[in-house]
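Each ligand, and each atom within it, is numbered from 1 in the order the structure gives. Throughout, residue positions are numbered sequentially from 1 according to the sequence presented. Any value given below was found using the heavy atoms of this structure, including those in side chains, with hydrogens, waters and symmetry copies removed.
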Amino acid sequence: MLRFLTAGESHGPALVAILDGMPGGLRLRTEFINRELKRRMGGYGRGGRMKIESDEVKLLAGVRFGTTLGSPIALIIENRDWSNWKAAMAVEGPPPPAAVARRVTRPRPGHADLAGALKVNSHDARNILERASARETAARVAVGAICRTLLANFGIEIASHTTSVGGAAAPEDRQESWERITACEASPLRCADPKLERRMMREIDAASKQGDSVGGSFQVAARGVPPGLGSHRQWDLRLAGLVARALLSIPSVKGAEVGSGFANARARGSSVHDEIFYDPKRRAFYRKTNRAGGIEGGMTNGEEIRARAFVKPLSTLPTSLQSVDLVSKEAFEAAVERTDTTAIAAAGVIGEAMLAIVVADAFLSKFGGDSLGEVKRNYRGYLKQLRSF
Ligand code: EPS
C-alpha cells in the first residue's frame, strides 16, 4: 500500500523523499516531523557533522492547508554541509582536479566503498559512499514521522531504547516496560536503565579516547497495535520478516531479533510461549508475557510489537585499518578524521521510523482507503468484529 523512495548524497545539496499511498485527509504538522529529525541528530557519541546540520523538512507536494491530499507526498531536507562541498559535489560542469573533487581511492573496511566501486566500475569511491552514508536516514525519519502521524489517529504509538553499547548490555531476556522506555527520552543515550547508561557512556568515552568506534543494540516497540496485521498467507507478507528487513536496512545494523528471539532459541518451548488469557470485561484475549514480541504466525497478536537491532561499530574510524588503494593497488592504513564514536541513540530513532513505516503499511493493507475517514470506518468495523468474536 505504502511505497517510498529517497534520493540524495550525504554532502550533496539535499535529501528528498516521495511517499506514495498515504490516504487523504490526514493532518500533518511539519513541527512534528522536525521534532523527529531533531531526535535523530542527538545522542551521546555523535561527531562533528551534527554540529553543522540542523535538519528541517519542507513539504513540497501532496499536502494542502496542512492536510494530505491522497496524492504522493514529496519532501526535502537540505544539507547545510553542502556549502563546504559545492566544488567536490557539483551537480553540473566538468569534474575539477582530483584534490578539489575529494576523490576517494582508499576504501574503508566495513563501508560500502570497495564493494560499490567494483560494482559500478568506478575508481572514485565517493560515487558510492555519498549515497551509502547514513545521512540518508534523515529522509526515512521524515517519512516515518508521516506514518507515525497516521498511526496516532488509531492510538498506535512507537518508541525505542538503547539496550547495549559495546560490552555494557542489559540482560538479554529483560523486557523494559513501555513507561520506562518512554521516560528515558531525554537521557543521553535513551537507555531505560540509568546505571547501565552510565556504563554505556564510559564505553563510548573509552572507545573515543582510543580513536575507535563502538557498536550496540536497541529495541523498538509499538503499542496499541490491533491483532491481525501482516499475514500467515505468504512468506513476503509475514510481519516478522518485514520488521527484520526494515531494521536490517538501516546502515550498520547486522542483526535483528523479534521478541526475545535469541534467548528463546536456547530455552524450552514450555518456558517460551506466551500463554493465552481472556478478559471478559474488555472482551479481549491477552498475554501475561510477550516473548513473541507481539508477532505470531507472521501476524500481530495484539500485544506490543518488540524487536531489537544489533549495530556494528561504525566503519569510519579515526584509527587506521589495513586497506588497498583502488588505483595503485598499494597497501595503506586508512585513517579518517571526522566521525561519530557511535550513533546508537540515532539508530533507535531510525528504527522507530522503519517500524512506523512497516506498521502503517500493514495497517493500510488491512484497513486501507483513499481518505482517513474511510480507513477509520474500516477500522471501527474491525474493532466491532473483534468485540463480538
Ligand atoms: C557518515 C559519516 C558522518 C556522519 C554521517 C554518516 O558524516 P561526515 O562524513 O559528513 O562526517 O555524520 O551521518 C550524518 C551526516 C547524519 O545526518 O546522520 C557515514 O559515513 O555514514
Novice: Should Arg135 be counted as touching ligand 1, given the test is an N or O pair under 3.5 Å?
Specialist: yes

Novice: Closest by any non-hydrogen atom to atom 18 (O) of ligand 1: pick that one out of Arg40, Glu136, Arg49.
Specialist: Arg40

Novice: Please report, to 0.1 Å, the donor-acceptor pairs under 3.5 Å made by any side chain of residues 12-19, with sequence neighbours excluded.
Specialist:
none

Novice: Can you list the ligand 1 atoms lying under 4.0 Å from a non-hydrogen atom of His11?
Specialist: 8 (P), 9 (O), 10 (O)

Novice: For the hydrophobic clusters of this structure (ILVMFWY residues joined by side-chain heavy atoms under 4.5 Å, transitively), does one cluster hold both Leu364 and Leu28?
Specialist: yes

Novice: For ligand 1, which atoms have a heavy atom of His111 less than 4.0 angstrom away?
Specialist: 20 (O)

Novice: So, regarding Ala132 and ligand 1 (criterion: nitrogen or oxygen to nitrogen or oxygen, under 3.5 Å), is there a contact or not?
Specialist: no

Novice: Is a salt bridge present between Arg174 and Glu176, judged by a nitrogen-to-oxygen distance below 4.0 Å?
Specialist: yes

Novice: Please, which pairs that meet side-chain hydrogen bond (donor to acceptor under 3.5 Å, both in side chains) have at least one residue in residues 379-389, sequence neighbours excluded?
Specialist: none

Novice: Examine Ser10 against ligand 1 and note whether any of their N/O atoms are separated by less than 3.5 Å.
Specialist: no

Novice: Within the 4.0 Å heavy-atom shell around Met50, which atoms of ligand 1 are there?
Specialist: 14 (C), 15 (C), 16 (C), 17 (O), 18 (O)

Novice: In plain terms, say whether Arg223 and Glu179 are close enough for a salt bridge, that is, a side-chain N and a carboxylate O under 4.0 Å apart.
Specialist: yes

Novice: Could you go through Glu352 and Ser160, starting from their C-alpha distance and side-chain angles, then the distance that decides it, and tell me whether this counts as side chain to side chain donor-acceptor pair (under 3.5 Å)?
Specialist: CA-CA 6 Å; Glu352 289 179 40; Ser160 72; 2.6 Å; yes

Novice: Evaluate Arg46 for polar contact with ligand 1, using N/O atom pairs at a separation under 3.5 Å.
Specialist: yes

